[in-house]
2 protein chains.
Amino acid sequence: MDLIERKYRILQAIIDDYILTALPVGSRTISRKYEQKLSSATIRNEMSDLEELGYLDSPHTSAGRVPSNKAYRLYVDQMLRPMALSSEEQAFIRQCFDRRTHQVEDLSLRIAKALSSMTNYTTAVMTRTPKSDQVFSHLQLVPVTSHRALLIIVTRSGAVRQSLIELGGMISSDELYTVSRILTAQLDGCPLSDLSRRFAAIAGGAPGDMQHVMRALSMEAQQASKDEVSALVVGGRSNLLRFPEYADVDKARSLLSVFETRDKMVDLLSTGGEMEFTVRIGPETGLEETRDCSIVSASFRLGDGRVNTIGLIGPTRMQYGRALAVLTQVGRTLTDVIDETESGRDSEA
Amino acid sequence: MDLIERKYRILQAIIDDYILTALPVGSRTISRKYEQKLSSATIRNEMSDLEELGYLDSPHTSAGRVPSNKAYRLYVDQMLRPMALSSEEQAFIRQCFDRRTHQVEDLSLRIAKALSSMTNYTTAVMTRTPKSDQVFSHLQLVPVTSHRALLIIVTRSGAVRQSLIELGGMISSDELYTVSRILTAQLDGCPLSDLSRRFAAIAGGAPGDMQHVMRALSMEAQQASKDEVSALVVGGRSNLLRFPEYADVDKARSLLSVFETRDKMVDLLSTGGEMEFTVRIGPETGLEETRDCSIVSASFRLGDGRVNTIGLIGPTRMQYGRALAVLTQVGRTLTDVIDETESGRDSEA
DNA sequence: GATTAGCACTCAAACAAGCCGAGTGCTAAC
DNA sequence: GTTAGCACTCGGCTTGTTTGAGTGCTAATC
């Protein structure tokens with residue numbers, strides 16, 4: 001169908017232009033910049049059709065047209081050609097993973113910063129450990145002060161949880177080490193969800209001065225089994241204020257306040273299914289505050305069982321193609337790096 | 001001097017009113033709301049004097065007057081009466097410290113949230129360990145995967161640093177434990193600044209498969225001695241957008257971007273001397289982006305050697321009295337809690 | 001001499017009117 | 001089916017006017 005083909009082209013041109021300029025686009029613009037074979041009158045007719053079909057909105061009678069969310073959906077699903085990044089940009093991404101410091105939240109933060117600076121959108125990075133991968137592996141009590149110890153719980157997948165617990169009395173560091181060894185041996189392979197119960201059980205047979213510690217362990221284990229989300233980092237918040245859609249301070253504020261609410265962020269980043277890449281447009285994001293934002297997100301398995309979800313948050317008028325390209329490249333680099341380390345290779349810094 | 005006394009009263013009234021309304025205040029307002037004995041003409045003369053003395057600015061001829069930074073300085077230094085918080089508010093603060101979870105960054109985050117919600121300013125909480133307190137106490141290598149281990153370094157003061165290191169080859173978890181024990185015994189009391197050197201020295205005599213680990217330890221130790229600042233948390237960013245002074249999106253953006261730059265935040269929170277409470281007004285903050293912000297900050301010793309600095313960031317037209325009151329209360333509650341735990345008391349949750 | 005009433009003056013903000021230009025929809029011609 | 005042409009719409013910009021809050025100054029009053 002020739003006509004439909006043309007309508008698509010025109011719609012695409014409108015979306016492209018609007019993404020670029022944030023200004024309602026008129027028939028004349030399209031005729032001049034994109035479809036020089038056609039007069040503005042023809043474009044006008046087509047645009048009128050497209051509006052009727054629900055792909056375009058007009059803010060008012062004489063202001064050109066703006067793509068609807070339905071249009072963006074079509075754009076993302078059908079019109080996007082995969083695009084590559086320049087080799088400079090690829091290098092820039094790779095460089096995030098280069099440094100040796102593996103401070104725990106550090107990598108996420110670096111990814112967030114890099115993506116924000118490349119795209120001008122806000123980036124959120126969430127690290128999650130699926131329940132099924134939460135199997136106890138090691139436990140270590142490290143004395144911190146006379147009455148407090150740091151409890152480290154490591155799962156088979158390599159996730160680490162640390163917390164400070166009160167000892168409830170003087171316990172020598174030797175004792176702490178011994179207890180750590182024994183418990184680690186006894187509990188190896190225990191699902192995290194069972195851990196609390198097991199601790200409680202063991203507590204029964206423990207000597208008096210250990211009772212308190214065991215109870216504390218039990219409580220912490222319960223906490224540990226709860227929090228799937230181990231790290232959540234947001235970067236490039238101030239970028240959003242560059243976009244004309246947030247010239248209204250109230251809009252900006254309501255959006256920024258979402259970034260400050262952990263639960264909401266987790267919701268935003270948790271895609272329904274198991275899809276690697278997800279694009280959610282406007283109301284599809286699920287939050288009132290983000291009803292005119294879009295979120296492009298990608299999830300990557302980290303090899304050790306953890307799942308890293310990276311989301312780019314911007315106005316619905318988003319550079320979807322670029323966002324996806326950047327995320328794809330991050331994913332590619334990430335798996336490269338994991339492969340390298342998994343195969344035991346290591347370079348000098 | 002009676003006259004000077006009156007000038008002070010008027011200046012104070014102007015500042016109070018401006019803090020409340022953010023609107024340039026005119027002679028009539030003062031005469032009606034604050035100094036009913038005096039006519040607006042008299043106030044006008046006084047205000048004219050105050051302007052000449054540098055305490056007031058006038059945005060333009062007919063717009064009332066606005067306190068200068070010099071005025072705020074005087075206000076903070078001389079005019080502030082200590083004010084108390086309501087018992088509800090005191091309870092609200094106490095509640096932050098109540099929960100048992102001592103997840104490491106958790107408390108800072110809770111403090112930041114609470115203070116932001118109480119004051120509507122942005123809150124930053126920084127935890128620092130002074131160099132002099134950085135003395136090695138314990139070290140623990142916890143196996144995470146076959147090729148990686150979690151390195152935990154604890155200082156005498158109870159500060160904890162963790163990082164993932166590559167092992168460079170298979171090392172059994174028993175070996176890791178043994179090494180941890182030996183190193184901990186050998187290095188007890190060593191200043192953190194020496195640690196890297198000591199590791200390097202020990203590496204010389206270590207067996208082949210440990211060489212790599214020792215080198216990694218040495219590098220991490222070097223890192224550890226560098227970063228005084230162990231945690232930095234910011235809350236309530238979006239609050240600032242409520243204030244009319246940030247109705248201009250560009251101003252808001254430049255300020256928000258400061259919050260995203262760790263180094264700048266550390267600078268902002270690092271007070272010159274050893275003062276417990278600090279108020280910095282406008283340019284005194286030291287950053288171009290915060291030239292019309294003020295920062296009220298307080299530092300508290302955490303007992304274990306760490307120092308917690310809490311800063312409230314708002315427009316120069318800040319409720320200084322309230323800010324100080326809230327911080328004071330947090331400090332009081334903090335030391336209470338520390339005393340309780342130090343004395344070994346512990347309550348059931 | 002300090003205080004106040006009164007008045008002329010200033011200036012931003014709010015409002016209204018008018019123009020401009022980008023845009024549409026429709027119709028008639030190609 | 002396409003296009004030229006024209007009437008019409010409507011937000012945004014400009015300009016002019018009004019309004020009101022405010023100042024500074026002067027002269028009268030306490």
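Throughout, a chain's letter reflects where its sequence line sits, starting with A, and its residues are numbered from 1. All values below come from the heavy atoms of this structure, side chains included, with hydrogens, waters and symmetry mates left out.
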* Indicate the atoms forming the closest heavy-atom contact of B:A63 with B:H60, along with that distance. =>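 The answer is CB-NE2, 2.9 Å.
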* To do: Identify the two heavy atoms, one from A:S294 and one from A:G282, that lie closest to each other, and give their separation to 0.1 Å.
  => OG-N, 3.8 Å
Provide, to the nearest angstrom, the distance between the [atom1] atom belonging to [X] and the [atom2] atom belonging to [N].
{"X": "B:I30", "N": "C:dT4", "atom1": "CD1", "atom2": "C1'", "answer": "18 Å"}
{"X": "A:I10", "N": "D:dG1", "atom1": "CD1", "atom2": "P", "answer": "14 Å"}
{"X": "A:L50", "N": "C:dT24", "atom1": "CG", "atom2": "C1'", "answer": "15 Å"}
{"X": "B:E52", "N": "D:dT23", "atom1": "CD", "atom2": "P", "answer": "16 Å"}
{"X": "B:D49", "N": "D:dC25", "atom1": "CG", "atom2": "P", "answer": "12 Å"}
{"X": "A:I14", "N": "C:dT24", "atom1": "CD1", "atom2": "C1'", "answer": "13 Å"}
{"X": "A:M47", "N": "D:dT2", "atom1": "CE", "atom2": "C1'", "answer": "17 Å"}

* So, are B:K264 and B:D267 salt-bridged, with charged N and O less than 4.0 Å apart? ->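 No, no charged N to carboxylate O under 4.0 Å.
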* Answer yes or no: is there an ion pair linking B:D57 with B:R65, defined by an N-O contact shorter than 4.0 Å? => no
* Applying ring pair (Phe, Tyr, Trp, His ring centres under 6.0 Å), name anything that partners A:Y121, two or more places apart in sequence or on another chain. =>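 For A:Y121, the residues satisfying ring pair (Phe, Tyr, Trp, His ring centres under 6.0 Å) (neighbours in sequence not counted) are A:F243.
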* **Proximity to DNA chain D (any heavy atom under 4.0 Å), residues of residues 32-43 of chain B only** =>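 Contacts with DNA chain D under 4.0 Å: none.
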* Using a heavy-atom distance cut-off of less than 4.0 Å, which residues of residues 15-23 of chain A contact DNA chain D? ->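 Correct list: empty, so none.
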* Using only side-chain N and O atoms of A:S58, determine if any of them is under 4.0 Å from OP1 or OP2 of C:dG23. => no
* Check whether any side-chain N or O of A:R65 sits under 4.0 Å from OP1 or OP2 of C:dT24, and answer yes or no. =>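 Checking C:dT24 against A:R65, a side-chain N or O does come within under 4.0 Å of OP1 or OP2.
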* Asked: Is the number of heavy atoms from other residues, nucleotides or ligands within 6.0 Å of CZ (B:R28) greater than 12?
  -> no
* Do other residues, nucleotides or ligands put more than 12 heavy atoms under 6.0 Å from A:R291 CZ? ->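 At most 12 heavy atoms, drawn from other residues, nucleotides or ligands, come within 6.0 Å of this atom.
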* State whether A:Y246 and A:K251 meet the cation-pi test: NZ (Lys) or CZ (Arg) under 6.0 Å from the six-membered ring centroid, and within 45° of the perpendicular axis. => no
* salt bridge (charged side-chain N to carboxylate O under 4.0 Å, His left out) assessment of A:R73 paired with A:E284 -> CA-CA 10 Å; A:R73 183 81 271 163; A:E284 296 169 12; 2.5 Å; yes
* **Closest to the A:R28 side chain, choosing from C:dG23, D:dG24, C:dT3** =>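 Comparing C:dG23, D:dG24, C:dT3 against the side chain of A:R28, the answer is C:dG23.
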Any side-chain donor paired with an acceptor under 3.5 Å for [X] and [Y]?
{"X": "B:S238", "Y": "A:S257", "answer": "no"}
{"X": "A:T42", "Y": "A:S39", "answer": "yes"}
{"X": "A:D16", "Y": "A:Y34", "answer": "no"}

Scan nucleotides 9-12 of chain C against the protein and return all N/O pairs shorter than 3.5 Å with their distances rounded to 0.1 Å.
from	atom 1	to	atom 2	distance (Å)
C:dT10	O3'	B:T61	OG1	3.4
C:dT10	O2	B:S62	OG	3.0
C:dC11	OP1	B:T61	OG1	3.3
C:dC11	O4'	B:S62	OG	3.3
C:dC11	O2	B:S62	OG	3.2

* **DNA chain C: 5'-proximal contact among B:N45 and A:V25 (nearest heavy atom)** => B:N45
* To the nearest 10 degrees, how far apart in direction are the end axes of the helix from C:dG1-D:dC30 to C:dC30-D:dG1, each fit to five base pairs? ->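 The two end axes of the helix from C:dG1-D:dC30 to C:dC30-D:dG1 meet at 20°.
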* Asked: When only distance counts, do a donor and an acceptor, one from the side chain of A:R44 and one from the base of D:dG5, lie under 3.5 Å apart?
  -> yes
Considering only distance and modelled atom types, tabulate donor-acceptor pairs under 3.5 Å from the side chains of residues 82-89 of chain A, sequence neighbours left out.
from	atom 1	to	atom 2	distance (Å)
A:S86	OG	A:E88	OE1	3.3
A:S86	OG	A:E89	N	3.2
A:E89	OE1	A:R322	NH1	3.4
A:E89	OE2	A:R322	NH1	3.4
A:E89	OE2	A:R322	NH2	2.7

* How long is the span from the CG atom in A:L56 to the CG atom in A:L11, to the nearest 0.5 Å? ->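 That separation rounds to 6.0 Å.
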